[in-house]
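Before any comments, here is the structure.
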There are 2 protein chains.
Amino acid sequence: MEKQTVTIYDVAREAGVSMATVSRVVNGNTNVRAETKEKVEAVIERLDYRPNAVARGLASRKSTTIGIIVPDVTNVYFSELARGIDDVAQMYNYQIILTNSDEKNNSNVFESLLGKQVEGILYMGNIIDDNLRDKIKKNNVPVVLSGSVDVEKQLPSVNIDYVSAMYEVTKHLIEHGHQKIAFVSGPLDETINTEFKFKGYQKALVEAGLDYTDDLLVSGDYNYQSGYQLGAMVHDSGATAAVVVDDEMAAGVLNYMTDQDVVTPDDFEIVTLNNSHITLLTRPQLSSVTQPIYDIGAVSMRMLTKLMNGEELDTHDMILPHGYAGRGTTK
Amino acid sequence: MEKQTVTIYDVAREAGVSMATVSRVVNGNTNVRAETKEKVEAVIERLDYRPNAVARGLASRKSTTIGIIVPDVTNVYFSELARGIDDVAQMYNYQIILTNSDEKNNSNVFESLLGKQVEGILYMGNIIDDNLRDKIKKNNVPVVLSGSVDVEKQLPSVNIDYVSAMYEVTKHLIEHGHQKIAFVSGPLDETINTEFKFKGYQKALVEAGLDYTDDLLVSGDYNYQSGYQLGAMVHDSGATAAVVVDDEMAAGVLNYMTDQDVVTPDDFEIVTLNNSHITLLTRPQLSSVTQPIYDIGAVSMRMLTKLMNGEELDTHDMILPHGYAGRGTTK
DNA sequence: CTGTTAGCGCGTTCAA
DNA sequence: TTGAACGCGCTAACAG
């Protein structure tokens, strides 16, 4: 990269004003005579001047960039979240630096984002270890969790009420007469699964006086293949229905059953959680908790802007409403 | 953002050396006595010093950031591409600024990326108007197309051979005895559809002496819903098979047929193009051209690094191999 | 309303 | 092998 072609100095010189004035018109400062403002703007236009955001960032200590850490964009749940974030970010003139972490090197990714002087971070991972927690605290940079919960309730977050959602759909299945309902979970080192989604499921069982046995709980890693494999275990467990925490896994379970000539929903019922458009692709279509994934992203970005502005948050843990869409995999 | 906590000066002072020396060890310059190097590193460790990438960028005019412009991350095709890009980018220590353009404000997005001093841009859009072309030329920043072609062959790109791919699968369907084969396209203002994918389809028809009529061509915008709607038109056209340029649209067509009691593949055959994991979710599973989406992303990022290093490209238009996976939607 | 002057944190000659 | 000094392009007081 050679030296920038046209700088604020060039504009100043051509317009016969000081660079401070140019800076003012570029930044919409009103303390500029209309006449000079026009003059400067004309030169900017003519020279095709574009402010250097890096220099700007250095001088103002505002990078107008935020970082977003996502386990894997390839999963529709996360990409819809990211889409919501980006749209709001663009509205506020922030750019986003996107990094896939695979939940493995979360704190490294976090560090390098800090190096870029991001003004805030949206964290979509579900694993928050002490190391990461430590770094967040030490660097006091605004962080909000997007579709992810903090058991210790330290970090602000945007989610739906997973416990209730899971409780409701499990109860729904129980009302359909099922005695053995499987819980197809994500990784069990993620508290969002063990402390929230599972808890809702469990609560419904207990309330109905149903037995919970360990073979009813299986866990995969949020993709179709693992869902398909888990389907076998679910089948073996003798369960007649399943609640699944991820749409792609749910599709896997469904297709496994179909391949075994287990007819859904007649012989087996399935409810999934994310209501991504994956639910429409399968046959039968997946009944699902409905949640505003895009909005979760959008709202969390909005929260972050507040934090970056030093504003107070009215709600530290935002809970967006969820619903239920009965489709083909339930009776 | 208050003033950075610990700067290169702090390290220098604590270590009793000049900041130039600190800069050297941070950047791996070998001209530093082993002893002082260790001393400095110890202080860096102790003070938890992290170089300010923004300042660095300004001084060196290297931002170690690249921009990626994608129509919509929400589409699995693009997110897989993006994933490939990110993985290679991380390998080379580049960060990516991701922006969704919806193919609408491509040149605005491009501009703002330039403002961020990105060292290169990966463009995944399919619309390249004169305005954009102009900006690229004027700013001579490395740009490579990822899963997108330039009819004018000006911009370097990474793709598969769409013409051949579409030709082959169409031919395949013809060999199955079909006389009327629909072509389910993406937007017709995208040359990748009109000049490449459609051309391959057409070639096969011509070669087989089959008639092409306009009602065999329908176009949607790369999502399930539009595919489903197009299904009706395809049905009305009397076609007995279809080649589809996008997996989600293919799923739509398939499900429409199923809903009309048109049995796939007995009464209707479908082949799609991207072989994303969407193809596994549907029942029957979608037969598809196989293409290395992730690799297209990875390779294009690799190409970009070369360009950013001022290296020559051995291949201006990289074509990656494709294949075919016959699954449930073909006989 | 406008210009001058310091930095922002770091890379990079040029000397020593 | 090391350090001093300049500059990257811009924002932000501070004067005027």
Side-chain angles (χ1 to χ4, degrees), chain A residues 1-41 43-44 47-65 93 114-119 139, chain B residues 1-41 43-44 47-65 93 114-119 139:
Chain A
M1 233 197 271
E2 56 281 357
K3 194 184 292 194
Q4 182 164 322
T5 27
V6 26
T7 76
I8 200 171
Y9 284 103
D10 301 322
V11 178
R13 186 172 15 79
E14 290 290 310
V17 298
S18 79
M19 52 157 303
T21 302
V22 178
S23 173
R24 287 195 187 93
V25 345
V26 167
N27 293 298
N29 188 315
T30 49
N31 291 340
V32 184
R33 197 153 44 110
E35 195 178 327
T36 56
K37 183 179 173 212
E38 284 173 25
K39 191 171 56 180
V40 171
E41 281 172 342
V43 177
I44 289 181
L47 264 46
D48 196 21
Y49 166 70
R50 183 189 316 111
N52 181 324
V54 173
R56 235 174 181 173
L58 187 57
S60 65
R61 268 154 275 124
K62 279 194 188 8
S63 61
T64 63
T65 359
N93 275 311
L114 288 185
K116 287 285 187 188
Q117 310 305 111
V118 296
E119 295 181 40
N139 293 282
Chain B
M1 230 195 273
E2 57 281 356
K3 193 185 291 193
Q4 181 163 323
T5 29
V6 26
T7 77
I8 199 170
Y9 285 103
D10 301 322
V11 178
R13 185 169 19 77
E14 289 290 308
V17 299
S18 78
M19 55 147 301
T21 302
V22 178
S23 172
R24 288 192 187 96
V25 344
V26 167
N27 293 297
N29 187 317
T30 49
N31 290 339
V32 184
R33 200 153 41 111
E35 197 178 327
T36 56
K37 184 179 173 214
E38 284 173 25
K39 192 171 53 183
V40 171
E41 282 172 341
V43 177
I44 290 182
L47 265 45
D48 197 20
Y49 166 71
R50 182 189 318 111
N52 181 323
V54 173
R56 231 174 183 172
L58 186 57
S60 66
R61 268 154 274 125
K62 278 193 187 14
S63 61
T64 62
T65 317
N93 275 309
L114 288 185
K116 287 284 188 188
Q117 309 306 110
V118 296
E119 294 181 42
N139 292 284

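All heavy atoms count here, side chains included; hydrogens, waters and symmetry mates do not. Numbered from 1 within each chain, the chains take letters A, B, ... in sequence-line order.
Atom NZ in A:K116 sits about 15 Å away from atom C1' in C:dG9, given to the nearest Å. Going from atom CZ of A:R61 over to atom P of D:dA12 covers 8 Å, rounded to whole Å. In this structure, B:N29 atom CG and D:dT1 atom P are separated by 9 Å, rounded to whole Å. In this structure, B:E35 atom CD and D:dT1 atom P are separated by 12 Å, rounded to whole Å. As a whole-Å value, the separation of B:Y9 OH from C:dG11 P is 11 Å. Atom P of nucleotide D:dC8 and atom CG of A:N52 are separated by 12 Å, given to the nearest angstrom. In this structure, the CG atom of A:D10 is 11 Å from the P atom of D:dC8, given to the nearest Å.
A sub-4.0 Å separation between OP1 or OP2 of C:dG9 and a side-chain N or O of B:R56 is absent. Distances shown here put a side-chain N or O of B:T21 below 4.0 Å from the OP1 or OP2 atom of D:dG3. Residue A:S18 places at least one side-chain N or O closer than 4.0 Å to OP1 or OP2 of C:dG3.
Nucleic acid contact for B:V17: sugar-phosphate only, since backbone atoms but no base atoms lie under 4.0 Å from a heavy atom of the residue. Among the protein residues, B:V54 comes within range of no part of the nucleic acid, since none of its heavy atoms lies under 4.0 Å from any strand.
Between A:I8 and A:V26, every side-chain heavy-atom pair lies at or beyond the 4.5 Å cut-off.
A:N27 is linked by a side-chain hydrogen bond (donor to acceptor under 3.5 Å, both in side chains) to A:S23, A:R56, counting only residues two or more places apart in sequence or in another chain. Scanning for side-chain contact (heavy atoms from CB on, under 4.5 Å) contacts around A:N29 gives A:R24, A:N31, with sequence neighbours left out.
Residues A:E119 and A:K62 approach most closely at OE2-C, 3.3 Å, considering heavy atoms. Between B:T65 and A:K116, the closest heavy-atom pair is OG1-NZ, 3.0 Å. Closest of all the heavy-atom pairs between A:A12 and A:S18 is CB-C, 3.7 Å. Closest heavy-atom contact between B:G57 and A:V54: C-CG1, 4.1 Å.
One axis for each end of the helix from C:dC1-D:dG16 to C:dA16-D:dT1, each built from five base pairs, and the angle between them comes to 30° at 10° resolution.
Note on residues 11-22 of chain A: pairs passing salt bridge (charged side-chain N to carboxylate O under 4.0 Å, His left out), not counting sequence neighbours, are A:D10-A:R13, A:E14-A:R46.
Distances from the side chain of A:I8 to the nucleotides D:dC10, C:dT2, D:dC8 place D:dC10 closest. Taking the side chain of B:R33 as heavy atoms from C-beta on, and the options C:dT2, C:dC8, D:dT1, the nearest nucleotide is D:dT1. Side-chain proximity of B:L58 to the nucleotides D:dG9, D:dG3, D:dT1 is greatest for D:dG9. Picking from C:dC1, D:dC10, D:dT2 the nucleotide with the shortest atom distance to the side chain of A:A55 gives D:dC10.
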Contacts under 3.5 angstrom, residues 33-40 of chain A side chains, donor-acceptor by atom type, not counting sequence neighbours:
| residue | atom | partner | partner atom | Å |
| --- | --- | --- | --- | --- |
| A:R33 | NH1 | A:E35 | OE1 | 3.3 |
| A:T36 | OG1 | A:R33 | O | 2.8 |

Distances for protein N/O vs nucleotides 12-16 of chain C N/O pairs under 3.5 angstrom?
none

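The only member of B:V6, B:T5, B:T7 that meets side-chain contact (heavy atoms from CB on, under 4.5 Å) when paired with B:L47 is B:V6.
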